[in-house]
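The shown structure was predicted, so the numbers you read here are calculated from the model rather than taken from an experiment.
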Amino acid sequence: MDMLLLMGADSGLGTGPGPAVPWRKVLWERQPFPDNYVDHRFLEELRRNEGLRQYRYWAVVREAGLVAQQISCVALFLTLWLYMEQGLLSPSTLLWSGLLCALLGYGFYQALGPQGDSDSQQRTRWSDLQSASIFLSFTFGFSPVLRTLTESVSTDTVYAMTALMLLAHLVSFPYAQPSPPGSLSLNAALFASVCLASRLPGDHRASRGLNSSSPSSLHTFTMLCWALLVFALWPCLRQRLRECAPQGFGCVCLLMGLSGVGGLGSIWPGGAVLLAAVLGAVTLLCPLLLIRLQSDKDNIHGPWDEAEIREDLARFLR
């Protein structure tokens with residue numbers, strides 16, 4: 001037995017160690033290493049926070065102004081509804097005011113646009129007039145139907161649906177490219193306007209034997225028109241103003257915020273305080289928090305990332 005051990009030891013010494021095989025990061029070749037083996041070079045390709053953006057505070061504040069603007073638009077729309085709900089504004093007065101604002105806004109929108117061929121501009125204006133006429137005709141015709149959609153629903157449920165729809169409008173609004181607004185955000189705002197119009201007090205027609213507690217078709221038509229002005233047309237004008245006159249965009253944001261707080265404060269002081277706190281947090285506090293949290297980022301990239309095919313594969317798609 002001792003002789004066999006000595007012979008095995010002698011034969012092992014005579015063979016010697018084999019040549020070292022370098023590890024390669026490939027899966028298609030069999031290597032004398034475990035499947036989960038990596039060498040010391042694996043972490044040499046580690047990259048941290050690749051493509052990290054450095055934000056400037058006032059630039060972020062300017063971008064956050066879009067969110068604050070949309071919140072102010074919702075507040076202004078609710079202010080108009082509160083004035084109609086309390087009988088401080090008649091639907092006819094509000095409708096003529098909306099028509100005047102629409103004409104002034106459209107003229108301002110055309111003045112800020114590129115000055116091209118007069119014939120093409122004339123065709124564009126004629127097309128816009130046709131679209132506006134079709135919308136107003138269909139909306140006025142369907143107003144008697146729209147005002148009765150939520151008659152069988154309780155008032156608390158209607159207010160809850162309105163709050164959810166306005167929140168969905170704010171969440172789904174395309175802030176990166178607000179012109180034209182997204183279909184989901186616009187439909188949510190229009191549905192909220194229909195819900196609010198169904199809870200407006202009726203016009204004074206009790207002497208004719210009609211139910212004065214039910215809103216008239218003019219109430220619904222007015223609310224839908226103002227919803228279109230505030231949630232569809234104003235974002236288009238605001239985007240053109242931002243592109244053509246960026247210096248005045250900050251003033252417009254400030255003016256809209258003050259209008260929302262002042263209008264809501266004239267009829268609901270507690271809501272104005274809450275709105276001012278929300279606008280201040282969105283415009284000033286959230287950008288500061290975003291910049292402060294950039295130092296806590298720790299994104300790692302390296303050889304464990306998914307492989308990217310950089311070859312042009314267009315020839316295979318013909």
Side-chain angles (χ1 to χ4, degrees), residues 17-74 163-188 235 238-239 242-243 246-247 249-250 253-254 257 274 276-318:
V21 180
W23 174 76
R24 300 175 59 195
K25 191 176 63 175
V26 294
L27 295 177
W28 49 266
E29 181 179 346
R30 184 178 296 276
Q31 302 181 76
F33 301 100
D35 293 338
N36 59 348
Y37 175 81
V38 292
D39 64 357
H40 64 280
R41 298 172 299 169
F42 187 73
L43 291 180
E44 291 180 356
E45 302 180 26
L46 175 65
R47 303 184 304 276
R48 292 183 179 272
N49 297 331
E50 190 177 35
L52 184 64
R53 298 180 58 183
Q54 298 294 330
Y55 295 101
R56 293 179 299 172
Y57 177 72
W58 290 111
V60 180
V61 168
R62 186 168 57 251
E63 296 298 326
L66 291 174
V67 184
Q69 278 247 327
Q70 208 59 31
I71 297 175
S72 300
C73 290
V74 173
L164 287 177
M165 289 299 103
L166 291 177
L167 181 61
H169 165 74
L170 292 174
V171 171
S172 61
F173 188 81
Y175 296 99
Q177 186 62 35
S179 176
S183 58
L184 178 59
S185 62
L186 182 58
N187 289 333
R238 184 180 62 197
Q239 180 66 15
R242 185 186 180 193
E243 294 174 352
Q247 295 82 7
F249 181 72
C253 292
L254 182 61
L274 181 60
V278 170
L279 293 180
V282 170
T283 308
L284 301 176
L285 184 60
C286 289
L288 181 62
L289 186 62
L290 174 65
I291 294 176
R292 291 291 180 86
L293 290 177
Q294 294 302 307
S295 59
D296 296 332
K297 277 191 174 181
D298 191 15
N299 298 330
I300 58 175
H301 305 271
W304 50 83
D305 293 341
E306 295 181 1
E308 298 181 5
I309 301 176
R310 301 183 181 276
E311 185 180 1
D312 186 13
L313 302 179
R315 64 180 184 275
F316 296 108
L317 302 178
R318 295 176 183 174

**Message:** Please check this pair: side chain of Y175 against backbone of L170, looking for a donor-acceptor N/O pair closer than 3.5 Å.
**Reply:** yes
**Prompt:** Is there a donor-acceptor contact under 3.5 Å from the side chain of Y57 to the main chain of L284?
**Reply:** yes
**Request:** Using atom types as modelled and distance alone, determine if a side-chain donor or acceptor of H169 lies under 3.5 Å from a backbone N or O of A188.
**Result:** no
**Request:** Give, for atom CZ of R47 and atom CG of N299, the distance between the pair rounded to the nearest 0.5 Å.
**Result:** 12.0 Å
**Spacing of I71 atom CD1 and L166 atom CG [to the nearest 0.5 Å]** = 11.5 Å
**Item:** Check: L285 and L289 side chains under 4.5 Å, non-hydrogen atoms
**Value:** no
**Fill in**
dist S172:OG -> N187:CG (nearest 0.5 Å) comes out at 9.0 Å
**Item:** Heavy-atom pair of closest approach, residues L66 and R238
**Value:** CD2-NE, 4.3 Å
**Message:** For R242, is there an ion pair with E63 - N to carboxylate O distance below 4.0 angstrom?
**Reply:** yes
**Fill in**
Between P287 and A281, the two heavy atoms sitting closest are CD-O, 4.5 Å
**Prompt:** Atom CD of Q70 and atom OG of S185: how far apart are they, to the nearest 0.5 Å?
**Reply:** 7.5 Å
**Complete:** Nearest heavy-atom approach of A68 to L279 is O-CD2, 3.5 Å
**Prompt:** To the nearest 0.5 Å, what is the distance between CG (L184) and CZ (F173)?
**Reply:** 12.0 Å
**Request:** Please confirm whether the backbone N or O of L290 pairs with a side-chain atom of Q294, one donor and one acceptor, at under 3.5 Å?
**Result:** yes
